[in-house]
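Report on the following structure.
Hydrogens, waters and symmetry mates play no part in the numbers below; they use all other heavy atoms, side chains included. Letters go in sequence order (proteins before strands), and every chain restarts at 1.
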Amino acid sequence: MRTSTGSRIVMHIDFDYFYAQCEEVRNPSLRGRPLTVCVFSGRTEDSGVVSTANYAAREHGVRSGIPIRIAKSRLAGISDAAFLPVDMSYYSEVSEKSMSLIQSFAGRFEQVGIDECFIDVSELASSFEVAKTLASQIKDSIKKSLGLTCSIGVAPNKMLAKIASDFQKPDGLTVIEPESLQNFIANLSVDKISGIGPKTSKRLGELGVKSISELAGLDQFKLVEEFGRKTGTFIHNAARGIDEEPVAESGESKQIARIITLKNDASTSVEMSNELRELCQSVLEIAKARKMAFKTVSVIIILSNLDQKSKSKTLKTHSNSLEPLHSTAQMLLNELMESDDSMRVRRLGVRLSDLQNTAGQNTISQFMGDLNGLS
DNA sequence: GTATGCTTTCGGC
DNA sequence: TTACGGCCGAAAGCATAC
C-alpha cells in the first residue's frame, strides 16, 4: 500500500559518533570528557590516526582522519581527555543489536556500513506525520535499550533521507515532506547529494553551479552531453529531489581487503614477502569463513608520501586456495615495485574482489546433470 | 558511437 | 616542526566489443 500521494516514506538512521559513543556506553565515566578513538598503527608510539571523536573532543578540533599526535597536541593540557584504541568486535556487537532493533520496526531494511541504515516505512506510516512519530519511537527505543543516540532523516526517498539525517545532528530528527522538498534542498551545496563528489562538484563549479537550485537550472541535454547518459540523468533527477532507488536488503560484501602498516618502509618486494604471505592467508581465511571464492586479486601499496598505488589481476576462474592467490599477489607486487625503484612503501594490502558464494554450490557434474534433467 | 567490463584511484566512515 | 588506519563502495579512466 502506498500513501495517498503515492510517494514512499524512507528513513535514514545514522548513529552519532558511533565508535566513541559505544565506548561511552561501555564506560559512562567517559561521558562529557573529550574522547578520541584511535587506530594505532604500531609503527611508533602514537603513530596512527583518529577514527572517531565525541563532540567534546571535536570542540578542540579533533576530527576523524587526523594523526593521533595532532589530536594529542590539540588536547594537551586537558587533563580528562581520553584516548582509546579501536575495538571493532565490540562495535560490531553493538551494531548488530542496534540494527536488529531497527529491523523490528521496519518493513524493508538496508544496512550501509556499521552505523547507518535505510528503512522503507511506506507500509507502516500513512503520512509523514505518522512517520515522524515512528522515528521518535525508534530513537527512544534505541536510547532506552542500548543507551545510544542517532540522527534520523525522514523523506520520500533515500537521497533526501540521507540529506535529512545529516541536517541536524547529534540526536536529530528531520523530516522533508514532498511539498517542501524543493525549498529544503534549493540552497544546499551540490555536494550534499550522495554521488556528487569533489570531481563532479568542481566541474559543476566551472559551469557556474554551486547550489542545488542552480543545478536544477541546467538543461538535461547539456548535462547528458557533459557527463554522459547515466550520470547526466542522475544529476538532473537528483537536483529535483527525484530518486527511485529502492531500499534493498544489502547483499554480501563485494570485496575483502586487509591492509597493514609496515614496521619500516620497504623499497623491494623481497623485504615484504613475509607480510604479503600473511596478508594473503588472512584475506583467504575471511573469504573461506564467508564461503566466498575470489576471481580478482589486488595488491595495494601506500608510499611514504601517502600516495597510493594498486595493481590487480582477474583470474580465469574463481578460486579459494592459497597458492594461486599468493603467486598472483607476489607477481603484482613485483610489477608494482619494478615500475619505480625509488619507492618507499609504508603500507601494504591485499584485496579479493569479484566474489562468488560457494555455499551449497553444486559441482560441475551435478550442474550438467541438472541441465539434462538427470539429478 | 555506445555499452560493457576491467583496472585504478578516490574518498567516506 | 611534524605528525598519517583499515576498511569499504563508488567514481573515474581505459580497453574492448558490438
Side-chain angles (χ1 to χ4, degrees), chain A residues 14-22 36-53 61-76 85-88 91-92 95 110-117 162 165-166 169 191-203 224-225 227-232 234-235 245 250-262 265 279 282-283 286 295-316 332 335-336 339 346-355:
Chain A
D14 191 354
F15 286 87
D16 303 317
Y17 60 101
F18 186 61
Y19 299 173
Q21 214 193 336
C22 288
T36 307
V37 177
C38 306
V39 185
F40 293 101
S41 72
R43 169 173 270 219
T44 61
E45 182 171 348
D46 289 348
S47 97
V49 298
V50 170
S51 179
T52 323
V62 174
R63 302 267 178 281
S64 297
I66 68 171
I68 294 165
R69 302 184 63 162
I70 292 182
K72 289 203 167 176
S73 76
R74 292 191 180 159
L75 289 166
V86 286
D87 181 354
M88 284 309 300
Y91 311 143
S92 298
S95 171
E110 176 180 350
Q111 189 169 342
V112 183
I114 195 169
D115 67 343
E116 286 176 43
C117 64
K162 188 153 169 72
S165 70
D166 186 54
K169 52 172 50 170
D191 59 14
K192 289 284 176 185
I193 296 169
S194 174
I196 297 190
K199 205 107 179 177
T200 310
S201 294
K202 184 162 178 289
R203 285 171 69 186
V224 171
E225 200 171 77
F227 295 97
R229 200 183 77 180
K230 197 175 169 199
T231 307
F234 162 75
I235 293 173
E245 282 303 302
S250 352
E252 280 147 337
S253 62
K254 295 173 181 175
Q255 53 176 253
I256 296 167
R258 282 271 289 135
I259 187 161
I260 55 162
T261 300
L262 302 170
D265 289 355
L279 286 165
S282 176
V283 286
I286 297 167
K295 201 169 155 194
T296 301
V297 177
S298 310
V299 169
I300 301 120
I301 57 176
I302 289 113
L303 307 181
S304 50
N305 64 3
L306 303 185
D307 276 0
Q308 182 172 330
K309 292 193 184 304
S310 67
K311 199 151 175 61
S312 57
K313 180 163 177 59
T314 301
L315 308 178
K316 289 200 171 60
L332 291 168
E335 288 173 11
L336 275 170
S339 65
R346 182 184 177 91
R347 298 165 65 200
L348 175 69
V350 172
R351 177 171 60 216
L352 305 179
S353 54
D354 213 337
L355 303 174

Protein-nucleotide distance ([X], atom [atom1]; [N], atom [atom2]), rounded to Å:
| X | N | atom1 | atom2 | value |
| --- | --- | --- | --- | --- |
| A:Gln111 | B:dC13 | CD | C1' | 13 Å |
| A:Lys313 | B:dT8 | NZ | P | 11 Å |
| A:Asp87 | C:dG6 | CG | P | 16 Å |
| A:Ile196 | B:dG12 | CD1 | P | 14 Å |
| A:Leu303 | B:dT8 | CG | P | 15 Å |
| A:Asp46 | C:dA3 | CG | C1' | 10 Å |

Selected nucleotide, minimal atom distance to [X] side chain, candidates [options]:
| X | options | result |
| --- | --- | --- |
| A:Lys162 | C:dG5, B:dC13, C:dC7 | B:dC13 |
| A:Ile70 | B:dT8, B:dC6, C:dA3 | C:dA3 |
| A:Arg346 | C:dG5, B:dT8, B:dT9 | C:dG5 |
| A:Ser51 | C:dC7, B:dT9, C:dG5 | C:dG5 |
| A:Pro67 | C:dA3, C:dG5, B:dT9 | C:dA3 |
| A:Ser310 | C:dC4, B:dT8, C:dC7 | B:dT8 |
| A:Ser47 | C:dA3, B:dT8, C:dC4 | C:dC4 |
| A:Val49 | C:dA3, C:dG5, B:dT7 | C:dG5 |
| A:Val39 | B:dT8, C:dA3, C:dG5 | C:dG5 |

Side chain to side chain contact (heavy atoms under 4.5 Å, CB included) between A:Leu279 and A:Ile260, intermediate numbers included: CA-CA 8 Å; A:Leu279 286 165; A:Ile260 55 162; 4.0 Å; yes

First encountered from the 5' end of DNA chain C, between A:Arg347 and A:Gln255: A:Arg347

A:Gln308 or A:Gly65, whichever maps to the more 5' nucleotide of DNA chain C: A:Gly65

B:dC13 versus C:dC4 - spacing of their P atoms, nearest Å: 24 Å

Inter-nucleotide C1' distance (B:dG12, C:dA3), Å rounded: 22 Å

Name the nucleic acid region contacted by [X], choosing base, sugar-phosphate or nothing; use a 4.0 angstrom heavy-atom cut-off, strictly under.
| X | answer |
| --- | --- |
| A:Ile302 | nothing |
| A:Ser253 | sugar-phosphate |
| A:Ile256 | sugar-phosphate |
| A:Gly48 | sugar-phosphate |
| A:Lys309 | sugar-phosphate |

Distance below 4.0 Å between A:Lys254 side-chain N/O and C:dA10 OP1 or OP2: yes

Phosphate OP1/OP2 of C:dC7: any A:Arg351 side-chain N/O under 4.0 Å: no

Stepwise side chain to side chain contact (heavy atoms under 4.5 Å, CB included) check, A:Val297 with A:Lys313: CA-CA 5 Å; A:Val297 177; A:Lys313 180 163 177 59; 5.5 Å; no

Estimated bend of the helix from B:dG1-C:dC18 to B:dC13-C:dG6 (axis per five terminal pairs, rounded to 10 degrees): 20°

Which residue lies more 5' along DNA chain B, comparing A:Asp354 with A:Asp115 via nearest heavy atoms: A:Asp354

Residue whose nearest DNA chain B nucleotide is more 5′ - A:Ile300 or A:Tyr19: A:Ile300

Between A:Ser310 and A:Ser298: side-chain donor-acceptor atoms closer than 3.5 Å: no

Side-chain H-bond candidate by donor/acceptor type, A:Ser282 with A:Arg258, under 3.5 Å: yes

Side-chain donor/acceptor of A:Ser64 to backbone N/O of A:Ser51, under 3.5 Å: yes

Any donor-acceptor pair under 3.5 Å from A:Glu252 side chain to A:Lys254 backbone: no

From CA spacing to verdict: side chain to side chain donor-acceptor pair (under 3.5 Å), A:Ser312, A:Thr296: CA-CA 7 Å; A:Ser312 57; A:Thr296 301; over 6 Å; no

Working for side chain to side chain contact (heavy atoms under 4.5 Å, CB included), residues A:Tyr19 and A:Ile114: CA-CA 10 Å; A:Tyr19 299 173; A:Ile114 195 169; 3.9 Å; yes

A:Ser92 side, atom OG; A:Asp87 side, atom CG - distance, nearest 0.5 Å: 9.0 Å

